[in-house]
Amino acid sequence: MNWLRNDPFSQSSSSFDEDIMIKKLHLAHEPDGRRLDSELLLRVTEHILLYAASATSEAPATPVVSDLHFDAIGKYTEDNAEAFSSQEPLGLVIYKILCKCSGEDDLHTRTMFLFDFLGKYKWDVKMVLVLTAFATSYGKFWLLMQLDPRDPLAVSVGMLKQLPKDFSKLKPRFKALSLLIKTMVDVTKCIIKFEGLPLSHVDLDKEICITKACIPEAAYWVARSVFTCASQITDFIAIQTEQYRWYSDSTIIATWELSSLVFRLSRICSRLSQQVDQCHKQTETKIWQKLSNLFQQTPLDNQEGLSMLCALTDDLPLKYCPSQEKFGVSEMKNKVVMLLITKPELLPMEELLLLVQQTSDHPLNKNYKGSYEIIWFPITCSEAWTDAEVGSFNFFSNSLPWYTIRQPWLLSSAVVNYIKKTWKYAGEPLMVVLDSKGIVTNLNAIDMIMIWGARAYPFSASREEELWKEEQWTLQLVVDHIDPQLAYWVEEGKNLCIYGSDSQEWIQEFNSKMRGIKSEGFQLEMVYVGKRNMDENVRNTLASIAEENLNGSLSFTKVQFFWLRLESMRKSKLRLGKTANTDHILEEVSALLDFSDKGWAVMGKGSSTDTVKLQGKDHPMQCSTLFSQGGENVTKMGFLDAIKSAFEPSPLPGYCSHTSVIPYAEGLIEETAICQKCKRPMKKFVVYE
């Protein structure tokens with residue numbers, strides 16, 4: 001029988017010198033840089049092995065597996081197509097390993113031949129490929145056994161193979177086999193963890209050498225154990241009914257053989273695990289220290305900082321989402337880099353769409369193309385990535401117009417902790433800006449981008465303050481570039497009325513009165529923007545307005561953009577330490593955000609600071625009455641001044657005592673300046689600089 005011929009201890013340890021064996025393994029180990037996702041492939045392999053192990057009553061319960069597990073093979077093949085394109089396909093490699101499992105040579109010789117064959121792969125890939133080859137054979141065996149009673153095809157194949165029907169007497173042997181498989185997987189996980197450490201970014205010479213010295217022995221015994229397991233499966237298939245009694249007597253020896261391998265591998269796993277954990281701990285400590293030092297210095301460029309943030313074993317840690325092409329951090333050299341740090345679920349859809357519009361689709365973006373890039377840094381709030389989070393990442397990383405970390409679940413925990421503690425990431429989206437030298441210039445630029453888009457380049461905190469100093473309260477600021485039609489009306493300086501309400505009665509009455517005003521010959525464009533807390537009622541109102549062609553119509557998404565920008569304005573102002581009592585823009589923004597649902601309107605003209613707010617049920621009627629009376633007085637006053645005269649209190653007599661500096665413009669001296677605070681005329685003085 002095979003199990004006698006391949007007894008691992010028939011070749012005693014004295015028959016070959018272990019040091020010579022290790023040296024031969026090192027000589028055969030010549031990795032050529034092939035990048036294979038061993039962790040992903042092991043997940044699929046482990047699922048097959050655990051599922052097969054559950055076929056015995058002594059084994060663990062059948063594992064619960066999501067659809068993502070079944071997608072993993074396809075994902076693996078897709079990610080590694082480039083690596084396999086010039087070498088043998090994955091399926092052919094597995095087939096050749098299976099052929100070596102069924103050879104006639106002794107276990108040691110076949111194991112060494114196997115490492116010669118896999119010499120071009122890293123240690124973790126060697127082991128996963130061997131386990132994967134065994135999983136295909138083991139899984140096929142148990143698939144036939146489970147289908148045999150009820151599937152006609154399986155019954156026919158089972159008859160041809162003369163598969164046994166009763167394994168009840170071999171349960172101890174299957175239990176030992178399952179335990180050995182689990183131990184082999186545990187050892188392989190240790191080596192994958194070690195190979196995944198970003199050792200090139202830190203100096204751990206002593207610990208690395210000690211750990212690397214343990215790996216060849218561990219790999220050898222995993223591969224040899226796979227050969228032993230394969231021979232056991234062959235023996236199961238070869239059992240004939242008349243041999244059951246004799247074979248049952250030999251089960252004790254076979255179980256002891258498997259248990260001995262479990263004992264040996266368990267010791268190796270324990271020692272290796274401790275060593276890998278030590279390397280991991282020291283690596284994380286050094287990465288944290290290095291990151292802290294890097295961002296306190298003034299580097300020459302952004303390369304070292306980005307390399308540490310993307311600290312992975314892969315030289316191509318980035319992916320350009322539109323093309324799925326892999327890139328290194330050198331692609332970011334001499335550019336402003338914005339790190340979009342979010343959960344794997346990214347952002348609510350309306351916020352994501354606004355962010356895309358304000359960057360990639362913004363009219364000014366062409367002026368800064370190639371000057372800045374956005375890298376999505378998804379970070380889970382749990383200890384490990386879930387299948388749902390991986391699914392979210394895969395979906396968004398195939399859809400975004402930016403770069404992303406290619407395998408964010410492999411990010412160093414030191415990097416994640418640094419982002420959480422130093423940059424105060426707690427789950428809410430951040431957009432940390434690094435200038436072309438790698439210096440952090442803004443800990444969260446997301447609001448300024450929502451407000452100004454590409455105009456905010458280079459997105460520094462100082463640039464945010466500059467932009468606010470340039471801004472005044474105008475309808476241009478309120479609706480800037482959220483819709484092309486709105487932008488056109490603003491640029492043309494047309495009278496614009498933005499209104500909102502949750503009351504259909506108020507909306508109908510307001511529209512009716514405004515149509516009356518327009519019929520008097522006054523030019524007025526109207527846009528309904530719903531309310532801050534959007535709901536289905538707003539969606540229905542928008543559809544009704546569009547259908548009746550009452551006025552300028554925005555989509556539901558564009559209305560969401562309107563309110564999101566206002567919220568970003570308030571957050572930006574508050575972050576800069578402003579208050580509604582001291583900052584006019586913040587006062588107006590807060591008033592809009594806090595308007596009731598009963599009805600309100602804001603009227604203005606393009607970039608003019610002259611605006612009017614209306615709120616409540618009575619205003620439309622008063623407005624309509626004023627304009628219906630018309631007359632030369634109303635026409636002379638102009639649209640906005642006529643509105644103001646109807647609703648705002650009469651100004652106090654005389655000139656005001658407030659001061660306001662207004663940049664010079666053609667014709668400004670001839671105009672009468674009205675104080676925004678007391679509504680009285682202001683005395684004019686010319687200041688020369």
Side-chain angles (χ1 to χ4, degrees), residues 350 354 474-480 482-490 494-567 588-606 611-630 634 639-640 642-644 646-648:
E350 63 275 11
L354 177 57
T474 65
L475 284 186
Q476 183 176 30
L477 171 65
V478 175
V479 301
D480 188 32
I482 63 173
D483 180 78
Q485 184 65 59
L486 272 178
Y488 172 75
W489 288 339
V490 167
K494 293 188 175 184
N495 293 318
L496 186 61
C497 173
I498 298 172
Y499 69 101
S501 175
D502 197 28
S503 168
Q504 290 289 342
E505 180 183 354
W506 188 94
I507 292 172
Q508 291 174 0
E509 183 179 9
F510 185 74
N511 276 317
S512 175
K513 301 306 179 183
M514 290 299 106
R515 281 198 299 271
I517 292 175
K518 294 172 71 173
S519 67
E520 296 292 329
F522 287 92
Q523 183 190 61
L524 178 64
E525 304 295 346
M526 298 176 60
V527 180
Y528 174 71
V529 293
K531 59 180 183 177
R532 180 183 178 189
N533 299 314
M534 305 287 284
D535 57 19
E536 199 60 31
N537 189 37
V538 173
R539 190 187 296 273
N540 294 334
T541 302
L542 286 168
S544 176
I545 290 174
E547 184 177 345
E548 297 177 25
N549 197 26
L550 293 177
N551 42 50
S553 177
L554 292 180
S555 67
F556 187 80
T557 300
K558 294 296 179 67
V559 172
Q560 289 177 311
F561 289 177
F562 172 82
W563 293 106
L564 285 173
R565 288 186 71 254
L566 288 179
E567 289 175 359
E588 297 290 349
V589 168
S590 298
L592 277 180
L593 289 170
D594 296 337
F595 269 151
S596 69
D597 298 336
K598 294 181 179 180
W600 58 268
V602 176
M603 300 181 185
K605 180 185 291 187
T611 61
V612 180
K613 287 184 296 187
L614 311 177
Q615 186 178 16
K617 186 175 181 180
D618 296 332
H619 281 162
M621 183 60 71
Q622 296 175 21
C623 191
S624 175
T625 302
L626 171 69
F627 280 85
S628 63
Q629 294 172 352
V634 174
F639 177 77
L640 290 178
I643 295 285
K644 286 182 179 180
F647 304 116
E648 295 183 352

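Starting from 1, each residue takes its place in the sequence as its number.
- The CH2 atom of W489 lies 6.0 Å from the CG atom of L486; values are rounded to the nearest 0.5 Å.
- Between the side chain of W563 and the backbone N or O of K531, at least one donor-acceptor pair lies under 3.5 Å.
- Here the CG atom belonging to N511 is positioned 8.5 Å from the CH2 atom belonging to W506, to the nearest 0.5 angstrom.
- Considering every non-hydrogen atom in both I498 and W600, the closest pair reads O-CZ3, 3.5 Å.
- Put simply, OG1 on T557 and CD1 on I482 are 11.5 Å apart, with the number rounded to the nearest 0.5 Å.
- Once rounded to the nearest 0.5 Å, the distance linking CG of L475 with CG of N495 reads 10.0 Å.
- Although no hydrogens or angles enter the test, the distance criterion places no donor-acceptor pair under 3.5 Å between the side chain of R532 and the main chain of L592.
- Every side chain to side chain donor-acceptor pair (under 3.5 Å) that N537 has, sequence neighbours left out, goes to D502.
- For the pair Y528 and S501, the tightest heavy-atom approach, listed with the atom from each and the gap, is OH-O, 2.8 Å.
- Nearest approach of E567 to L593, heavy atoms of both residues: CG-CD2, 3.9 Å.
- Here the closest heavy-atom approach between residue F561 and residue E350 is recorded as CE2-O, 3.4 Å.
- Here E588 pairs with K613 under the salt bridge (Lys or Arg N to Asp or Glu O under 4.0 Å) rule; sequence neighbours left out.
- Proximity of D480 to R565: side-chain heavy atoms (C-beta onward) are separated by under 4.5 Å at one or more points.
- The structure places OG1 of T611 at 11.5 Å from CG of L496, a figure rounded to the nearest 0.5 Å.
- In this structure, C497 and L524 approach most closely via the heavy-atom pair CB-CD1, 3.8 Å.
- Note that NZ of K605 and CD of E525 are 12.5 Å apart. Values are rounded to the nearest 0.5 Å.
- Applying the side chain to side chain donor-acceptor pair (under 3.5 Å) rule to Q504 yields the partners T541; only residues at least two apart in sequence or on another chain are considered.
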